[in-house]
**Q** 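Quick one: structure below, then a few questions.
Start at 1 with the first residue, then count along the sequence. Both counts, for ligands and for their atoms, begin at 1 and track the order of listing. Predicted, not measured: the structure shown is a model, and the values here were computed from it.
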Amino acid sequence: MSRAIRTQVAIVGAGPAGLTLSCLLAKAGIESVVLENRSRSYVEARIRAGVLEQGTAEVLESVGVGERMHREGIVHHGIHLQFAGERHRVPLSELADGRSIVVYGQTEVVKDLIKARLDAGLPLRFEVADVSVHDIETDRPSVRFSDDGERFELVCEAIAGCDGFHGICRPAIAANLDTFSREYPFAWLGILADVEPSSDELVYAHHERGFALLSLRSPQRSRLYLQCGADERLENWSDARIWDELQRRVALEGWTLEEGAILERGITGMRSFVTTPMQHGRLFLAGDAAHIVPPTGAKGLNLAVGDVTILADGLIEFLTTKSDVGLADYSARCLRRVWRAEQFSYWMTSTLHRLGDDPFDEQMQLSQLRYLVSSEAAARSLAENYVGLPVDHFAPWAAVGSA
Ligand code: FAD
Ligand code: DHB
C-alpha cells in the first residue's frame with residue numbers, strides 16, 4: 001500500500017536545476033515537492049562547477065538567495081588564455097557589453113538554495129528510494145518513491161526531471177527521444193588546494209603535455225584542473241606528480257604557481273550529450289538530465305538554471321491560466337541555447353586540449369589561439385559565449401529573407 005500525496009509540480013532531483021525550479025515556483029505561489037535520493041550532506045559537499053554567468057547570478061538573486069553569493073562570490077571581468085609560453089588576457093566585460101561572471105562554488109549555491117527551501121518550511125525530502133514516474137501521458141502524472149521504509153505516490157500536474165545524467169526520468173521516456181553524443185579521449189583531474197590563488201583571474205592553458213586550468217573558490221582556496229587520460233586512475237597521481245604536472249603546464253617567466261595541501265581530488269569524464277525533445281507528455285527534463293557539456297566552457301550549471309527559468313514560466317502560465325502554450329514551446333526554446341552552449345563547449349575543449357599525436361591538430365589550435373588574442377572580433381565571440389548569451393538572442397542580424 002502506498003500513501004497518496006498531492007502537489008502541483010513533482011521535482012525529481014535536488015541539484016541546481018531542481019532546487020532553483022522549486023524556488024521559482026514558490027515565488028509564484030505554485031506548490032512543489034522536491035525528491036532527492038542522496039543525503040543533504042552528500043549533495044552539499046559535491047564539488048563541481050565554480051563559474052556563474054551574470055544571468056545565473058541574477059536568477060539566484062531573484063529567488064532570494066543572492067545575499068551570500070554577493071558577499072562571498074568574486075566578480076571577474078576577464079580570463080587568461082595561455083599557449084606557446086605566453087599568457088594573454090581576454091577582457092570579457094569590455095567585449096561583452098559590460099557583462100561579467102561570478103566565481104562562487106556550486107556547493108555554496110546548493111547550500112543556499114536548500115537552506116532557503118527548508119527555512120520556508122517547504123517540502124524537500126532527502127534519501128528517498130525507488131523513485132519512478134508514472135502516467136505521464138495523462139493529466140494526472142505521479143511519482144512513486146519510498147521514504148523511511150514507507151511507500152508514497154506523489155500525484156501532480158507535471159513532473160520536472162531534474163535528476164542529472166544518471167537519473168531515472170530520461171530513461172523513462174527514452175523511446176520518445178533522440179539523442180546526440182560525443183565522447184572525448186581524455187578527462188580532467190581536479191583538485192581543491194589550501195593555497196591562495198596564484199592568478200586573480202582564471203587561466204586556461206594549452207600545453208603540449210595537455211590542458212590545465214587555474215581557478216579558485218575563495219581568496220584562500222585554489223581549484224585546479226589537469227587534462228589526463230580518459231581511464232586514468234587517481235591512485236597513479238601522488239600530490240607531487242599533480243603539482244609537478246601543473247607547474248610544467250602553466251609555467252610562465254616571472255610568475256610562480258604556489259602549492260598547498262590538496263583537500264579534495266577527483267577525475268571527471270568528458271562528454272557532449274543532448275536529448276531532443278526535452279519533454280514528453282507531462283514530464284519535462286531540465287539540466288544534466290537532458291544535456292551534458294564538457295566542462296571547458298563552464299556552461300553546465302548555467303544551462304541547468306537557464307532551462308528551469310524557461311520551465312518555470314511555462315508551468316506558472318499553465319497552472320494559473322491553463323494555457324499550455326509556454327510548456328509546448330519549452331523544449332524548442334531551451335534547445336536553441338543548449339546547442340549554442342554545446343558548440344561553444346566543444347570548441348573550447350577541442351581548441352585547448354591535446355587531441356592526440358598529430359602535429360597538424362596542434363598547429364590548428366595554435367593558429368586559432370593566436371587569432372583569438374589578436375582579433376577583437378574573435379575575442380568578442382569567445383567573450384559573449386563565455387559570459388552567456390541572453391535566453392532569446394537568436395534573431396539573425398543579416399537575414400535577407402526567408403523561403
Ligand atoms: P545534478 O547537479 O546532477 O543534480 C541532479 C540531482 O538529482 C542530484 O542531486 C542527484 O543525486 C539527484 N538524483 C539522481 N537520481 C535521482 C533519483 N532517482 N531520484 C531522486 N534524485 C535523484 N558547470 C558550470 O556551469 N560551470 C562550471 O564551472 C562547471 N564546472 C564543472 C566541473 C566539474 C568537475 C563537473 C563534474 C561539472 C562541472 N559543471 C560546470 C557542470 C555542472 O556541475 C552540472 O551541469 C550541474 O550540476 C547540473 O545541475 P543539475 O541540477 O541538472 O544536475
Ligand atoms: C571551473 C570549472 C570549469 O569547468 C571551468 O571552465 C572554469 C572553472 C571551476 O570549477 O572553478
Side-chain angles (χ1 to χ4, degrees), residues 10-22 34-40 42-53 55-56 74 76 79 101-107 109-110 113-114 124-133 143-147 160-172 187-192 197 201-204 211 213-218 221-225 264-271 273 285-308 341 344-345 348-349 352 386 388:
I11 301 176
V12 186
L19 291 167
T20 305
L21 178 63
S22 72
V34 185
L35 302 173
E36 166 61 49
N37 65 355
R38 300 287 195 154
S39 66
R40 179 177 180 181
Y42 181 90
V43 171
E44 290 186 342
R46 205 164 33 191
I47 299 188
R48 286 178 163 184
V51 173
L52 309 183
E53 294 173 2
T56 300
I74 309 171
H76 281 194
I79 56 168
I101 52 165
V102 184
V103 176
Y104 188 61
Q106 180 169 331
T107 44
V109 172
V110 165
L113 287 164
I114 290 175
L124 163 53
R125 292 173 183 241
F126 289 101
E127 296 182 76
V128 300
D130 306 318
V131 180
S132 56
V133 293
V143 182
R144 295 185 197 151
F145 64 97
S146 310
D147 191 0
C162 302
D163 50 349
F165 187 67
H166 300 289
I168 52 96
C169 289
R170 189 183 66 254
W188 277 14
L189 191 165
I191 62 165
L192 182 70
E201 291 181 323
L202 273 64
V203 179
Y204 286 83
F211 170 74
L213 169 60
L214 305 182
S215 181
L216 63 155
R217 283 294 176 275
S218 74
R221 291 266 193 279
S222 299
R223 177 85 172 137
L224 309 97
Y225 297 97
E264 291 271 352
R265 69 191 75 210
I267 290 182
T268 311
M270 310 268 274
R271 157 188 292 130
F273 175 88
L285 303 175
D288 280 13
H291 41 73
I292 297 287
V293 284
T296 328
K299 287 285 160 250
L301 180 147
N302 294 297
L303 279 182
V305 172
D307 288 353
V308 297
F344 177 67
S345 307
M348 284 282 279
T349 302
L352 288 161
Y386 194 87

**Q** For ligand 2, which atoms, with element, lie under 4.0 Å from some heavy atom of L202?
**A** 7 (C), 8 (C)
**Q** How close do P16 and T20 get, heavy atom to heavy atom, and via which atoms?
**A** O-OG1, 2.6 Å
**Q** Could you check if a side-chain atom of V305 sits within less than 4.5 angstrom of a side-chain atom of V109, using non-hydrogen atoms only?
**A** no
**Q** List the closest protein heavy-atom neighbour of atom 1 (C) of ligand 2: residue, atom name, distance to the nearest 0.1 Å.
**A** Y225 CE1, 3.8 Å
**Q** Measuring from non-hydrogen atoms of G190 to any atom of ligand 1, is the shortest distance under 4.0 Å?
**A** no
**Q** Is there a donor-acceptor pair closer than 3.5 Å between any side-chain N or O of D130 and the backbone N or O of S146?
**A**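 No, D130 side chain to S146 backbone: no donor-acceptor pair under 3.5 Å.
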**Q** What do you reckon, does V128 have a nitrogen or oxygen under 3.5 Å from a nitrogen or oxygen of ligand 1?
**A** no
**Q** Counting only heavy atoms, tell me which of N37, L213, I101 gets closest to atom 22 (C) of ligand 1.
**A**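 The residue whose heavy atom sits nearest atom 22 (C) of ligand 1 is N37.
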**Q** Enumerate the atoms of ligand 1 whose separation from the nearest heavy atom of G50 is less than 4.0 angstrom.
**A**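 Taking each heavy atom of G50 in turn, ligand 1 has 27 (C), 28 (O) under 4.0 Å.
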**Q** Using the side-chain contact (heavy atoms from CB on, under 4.5 Å) definition, which of the options P197, S218, S215 pairs with R223?
**A**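 Per the side-chain contact (heavy atoms from CB on, under 4.5 Å) rule, the option paired with R223 is S215, out of P197, S218, S215.
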**Q** For R38 and ligand 1, does the shortest N/O to N/O distance drop below 3.5 Å?
**A** no
**Q** So, for A14 and L19, which heavy atoms are closest and what is the spacing to 0.1 Å?
**A** O-CD1, 3.3 Å
**Q** Need the ligand 2 atom indices (1-based, order shown) with element for anything under 4.0 Å from a heavy-atom of Y204.
**A**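 What qualifies from ligand 2 is 5 (C), 6 (O), 7 (C).
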**Q** Tell me whether G164 has any N or O atom under 3.5 angstrom from an N or O of ligand 1.
**A**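 Between G164 and ligand 1, no N or O pair is found under 3.5 Å apart.
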**Q** Counting heavy atoms only, which of M270, R125, R48, R46 is nearest atom 8 (C) of ligand 1?
**A** R46
**Q** Do any nitrogen or oxygen atoms of R217 lie less than 3.5 angstrom from nitrogen or oxygen atoms of ligand 2?
**A**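 Yes - when backbone and side-chain N and O of R217 are compared with those of ligand 2, one distance drops under 3.5 Å.
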**Q** Of A304, G287, G306, A49, which has the heavy atom at the shortest distance from atom 27 (C) of ligand 1?
**A**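 Of the listed residues, A49 has the closest heavy atom.
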**Q** When only distance counts, is V131 in polar contact with ligand 1, meaning an N/O pair under 3.5 Å?
**A** no
**Q** Going by the atom numbers of ligand 1, which of them fall below 4.0 Å from some non-hydrogen atom of G13?
**A** 6 (C), 7 (O), 12 (C), 21 (N)
**Q** Where do L301 and R48 land on the side-chain contact (heavy atoms from CB on, under 4.5 Å) test, with the steps shown first?
**A** CA-CA 9 Å; L301 180 147; R48 286 178 163 184; over 6 Å; no
**Q** Could you say whether the N/O atoms of P295 and ligand 1 ever approach to under 3.5 Å?
**A** no
**Q** Given C169, A17, G105, A298, identify the one with the heavy atom nearest to atom 26 (N) of ligand 1.
**A**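 It is A298 that holds the nearest heavy atom.
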**Q** Short N/O distance, under 3.5 Å, between Y225 and ligand 1?
**A** no
**Q** So which of A289, P16, A341 gets nearest to atom 49 (O) of ligand 1, if we judge by its closest heavy atom?
**A** P16
**Q** Once you measure the plane-to-plane angle for F165 and F273, does it fall in the parallel (<30°), tilted (30-60°) or perpendicular (>60°) bin?
**A**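 Rings of F165 and F273: perpendicular, over 60°.
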**Q** Do H291 and D307 touch side chain to side chain, with heavy atoms closer than 4.5 Å?
**A**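 Sidechains of D307 and H291: in contact.
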**Q** Walk me through whether D288 and L303 qualify under side-chain contact (heavy atoms from CB on, under 4.5 Å).
**A** CA-CA 9 Å; D288 280 13; L303 279 182; over 6 Å; no
**Q** So, does M348 sit close enough to ligand 2 that a heavy atom of it is under 4.0 Å from the ligand?
**A**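 Outside the 4.0 Å threshold, so no.
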**Q** Considering D130, D163, L301 one by one, which has a heavy atom nearer to atom 25 (O) of ligand 1 than any of the others?
**A**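 When every heavy atom of D130, D163, L301 is considered, L301 comes closest to atom 25 (O) of ligand 1.
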**Q** Within the structure, does R223 bring an N/O atom to less than 3.5 angstrom of an N/O atom in ligand 1?
**A** no
**Q** Would you please determine whether R48 falls within less than 4.0 Å of ligand 2 on a heavy-atom basis?
**A** yes
**Q** Report yes if H166 has an N/O atom closer than 3.5 Å to an N/O atom of ligand 1; otherwise report no.
**A** no
**Q** At under 4.0 Å between heavy atoms, is it the side chain or the backbone of W188 that contacts ligand 2, or both, or neither?
**A**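 Near ligand 2, W188 shows its side chain, while the N, CA, C and O stay back.
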**Q** Can you sort out which atoms of ligand 2 are near A298, meaning under 4.0 Å from one of its heavy atoms?
**A** 5 (C), 6 (O)
**Q** Below the 3.5 angstrom mark, is there an N/O of T296, backbone or side chain, next to an N/O of ligand 2?
**A**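 Yes.
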**Q** Angle between ring planes, Y204 versus F211, binned at 30° and 60°: parallel, tilted or perpendicular?
**A** tilted
**Q** Please give me the minimum heavy-atom distance between K299 and Y386, naming the atom from each residue.
**A** NZ-O, 2.8 Å
**Q** Taking both backbone and side-chain atoms of V12, is any N or O found less than 3.5 Å from an N or O belonging to ligand 1?
**A** no
**Q** Just to be sure I'm reading this right: ignoring hydrogens, which of T268, V103, T296, L35 gets closest to atom 36 (C) of ligand 1? Compare them by their nearest heavy atoms.
**A**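 Considering heavy atoms of T268, V103, T296, L35, the nearest to atom 36 (C) of ligand 1 sits in T268.
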**Q** Number the atoms of ligand 2 from 1 as they appear, then name those within less than 4.0 Å of a heavy atom of V51, with their elements.
**A**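 In order of numbering, the contacting atoms are 7 (C), 8 (C).
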**Q** For atom 45 (O) of ligand 1, which of D288, L52, I267, I292 has the closest heavy atom?
**A** D288
**Q** Between P294 and S345, what is the shortest heavy-atom contact and its length?
**A** O-CB, 3.7 Å
**Q** Give the contacting part of P295 toward ligand 2: side chain, backbone, both or neither, where contact means a heavy-atom distance below 4.0 Å.
**A**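 The part of P295 near ligand 2 is both the backbone and the side chain.
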**Q** Quick one: closest heavy-atom pair of G161 and C169, and the distance?
**A** CA-SG, 3.6 Å
**Q** So does V51 get a backbone contact from the side chain of N302, meaning a donor-acceptor N/O pair under 3.5 Å?
**A** yes
**Q** Checking the N or O distance criterion of under 3.5 Å, is ligand 1 in contact with I168?
**A** no
**Q** Minimum heavy-atom separation for R271 and I292, please, with both atom names.
**A** O-CG2, 3.3 Å
